[in-house]
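Below: one structure, written as structure tokens.
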Amino acid sequence: MIEAACSGLALATREFVLRVRNDLLFKSEKFLEKYVDLYENFYQKGRYTVVDMPIMISSLFTLNPFSGVRLPFHYGDWFHFGLTKDVRELWNVPLVDLTFMTYYESNTCLSGTREKERNFFSRLAIEQYVHYEFLNKKIDGIFLSHHNDDRSIVESIEILIENFLLCDLYNLEIYFPKYNHGFIPYTDNNLRIIEEDWIVLSSDKSIDIPVYLDKGKFGARRYNPQRFPLLIGAQNLMSDVGFHFGRSIIIPGDAEGGIVCFGPYIGLFKGSYTATVEVSSLYPRQDDCYLVLKAAYNGGQSVLATAEFPRDHGNDAEDSAVFLQISFEQAEDRIDDFEIVLTSHGFYDMAIDRVVLEKTDGREAGPVPSTSKRSNPRVARLPGWSHATGKGRSPS
């Protein structure tokens with residue numbers, strides 16, 4: 001891998017270069033827009049900056065060393081975009097040998113190595129080796145003798161945010177079937193350093209990194225979003241009566257009523273919120289059809305708000321997107337396993353595209369973000385909802 005990267009980079013002639021796997025295909029140049037956005041709006045140099053311009057990498061396999069398994073400097077290594085001279089130097093590292101790759105067959109782990117940290121044969125993960133070798137030539141006082149050596153664990157995150165731009169590649173319109181599972185966020189967000197984490201930490205250098213990233217033994221898979229609006233694509237939702245196709249959940253017209261979409265399960269802090277379910281196709285088959293939208297947690301047993309949406313008899317129902325919207329208060333310091341649940345009663349031919357969760361905290365909800373190309377989208381809001389009763393009025 002190192003030889004292949006160096007051979008390819010030696011042929012690069014432009015100022016910028018993208019070093020990537022050959023089984024990853026780009027559908028657009030959106031990754032360039034992402035680089036500009038992160039660089040201009042959030043990036044800040046610091047005491048550990050050693051590159052002329054930051055190198056953009058992926059959150060996939062950029063691991064959180066505070067999530068239960070200590071793997072400092074484990075940055076994603078299969079996607080590097082930046083100045084050619086910086087990327088070329090990053091990969092200019094010695095080759096590893098058999099002793100390195102079979103280190104733990106002949107040596108014991110460090111004292112205090114946890115059970116999940118013992119599933120290793122090489123002294124370092126290759127992701128750690130490449131980045132640490134590059135950085136150790138330029139930065140004094142950082143250490144990584146073994147894969148779970150945590151002497152520079154905080155510095156590994158400071159170096160990450162001061163030399164790299166971190167992006168979630170599942171938003172970049174790419175085709176990468178080998179790691180398709182890595183493009184489903186939420187389920188392992190706390191096991192990785194995600195784009196949101198990088199933005200928060202890069203924007204505010206006063207944040208206590210161990211406190212912010214420490215998820216504890218039981219919180220590694222409990223994602224608590226920090227930035228809103230939170231856009232949850234249909235690929236990250238589940239359904240009892242529908243199926244996934246493309247970027248939507250499809251409900252067949254002959255499917256009996258049931259849970260159209262639910263999940264993913266996230267943690268939610270105290271505050272005021274508005275949730276919107278974006279529906280790009282809605283064909284009720286009977287006059288008595290209606291939809292029920294709930295903001296719930298605790299496996300659906302605890303409900304923060306409920307709204308009913310009867311069949312829409314408007315003439316444009318088949319030609320415009322529909323936004324089912326509900327507002328609610330979350331009064332506890334934090335709840336786990338929060339979800340938006342949409343249930344159909346009666347037969348519908350419909351498609352769910354995504355859920356948008358916005359934090360309002362006393363202000364009016366902003367415009368509903370939409371990717372629909374249809375004109376005149378209809379927003380089914382929930383006027384007069386009262387948190388005290390937890391019930392909603394049907395929209396007129």
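Please read these numbers as outputs of a predicted model, since none were measured by experiment.
- Here K30 pairs with nothing under the salt bridge (charged side-chain N to carboxylate O under 4.0 Å, His left out) rule; sequence neighbours left out.
- Checking R47, K138, K205, K45 one by one against E162, the salt bridge (charged side-chain N to carboxylate O under 4.0 Å, His left out) holds for a single residue, K205.
- Residues passing the side-chain hydrogen bond (donor to acceptor under 3.5 Å, both in side chains) test with R247: none are found, sequence neighbours excluded.
- Using a cutoff of 4.0 Å between basic side-chain nitrogens and carboxylate oxygens, E195 and R227 are not scored as salt-bridged.
- Under the side chain to side chain contact (heavy atoms under 4.5 Å, CB included) criterion, Q286 pairs with D288, C289, F347, sequence neighbours left out.
- With sequence neighbours excluded, the residues that form a ring pair (Phe, Tyr, Trp, His ring centres under 6.0 Å) with Y223 are Y186.
- A continuous path of ILVMFWY side-chain contacts below 4.5 Å connects F26 to V17, so both sit in one hydrophobic cluster.
- Distance CD1/I352 to OG/S344: 9.0 Å, rounded to 0.5 Å.
- For the side-chain hydrogen bond (donor to acceptor under 3.5 Å, both in side chains) condition, no pair includes a residue of residues 254-269, sequence neighbours left out.
- The side chain to side chain contact (heavy atoms under 4.5 Å, CB included) check on F121 picks up E105, with sequence neighbours excluded.
- Listed by first and then second residue, the ring-ring contact (aromatic ring centres under 6.0 Å, His included) pairs that reach into residues 224-247 are F228-Y273, sequence neighbours excluded.
- In summary, R70 and D150 engage in a salt bridge, as defined by a charged side-chain N under 4.0 Å from a carboxylate O.
- Pairs of residues two or more places apart, or lying in two chains, never qualify as side-chain hydrogen bond (donor to acceptor under 3.5 Å, both in side chains) while including a residue from residues 6-15.
- Aromatic ring pairs are classed by plane angle as parallel below 30°, tilted from 30° to 60° and perpendicular above 60°; the pair F176 and W78 is tilted.
- In this structure, A4 has no side chain to side chain contact (heavy atoms under 4.5 Å, CB included) partners at least two apart in sequence or on a different chain.
- Aromatic ring orientation, Y103 versus H146: perpendicular (interplanar angle above 60°, classes split at 30° and 60°).
- Remark: aromatic rings of Y75 and F134 are distant, center separation not under 6.0 Å.
- Partners of F16 according to the ring pair (Phe, Tyr, Trp, His ring centres under 6.0 Å) rule, which considers only residues two or more places apart in sequence or in another chain, are F81.
- With sequence neighbours left out, the ring pair (Phe, Tyr, Trp, His ring centres under 6.0 Å) criterion links Y297 to no other residue.
- Although no hydrogens or angles enter the test, the distance criterion places a donor-acceptor pair under 3.5 Å between the side chain of S202 and the main chain of F42.
- Under the side-chain hydrogen bond (donor to acceptor under 3.5 Å, both in side chains) criterion, K85 pairs with D52, sequence neighbours left out.
- Ring geometry for Y104 against H147 counts as perpendicular: the plane angle is over 60°, on a 0 to 90° scale with 30° as the lower cut.
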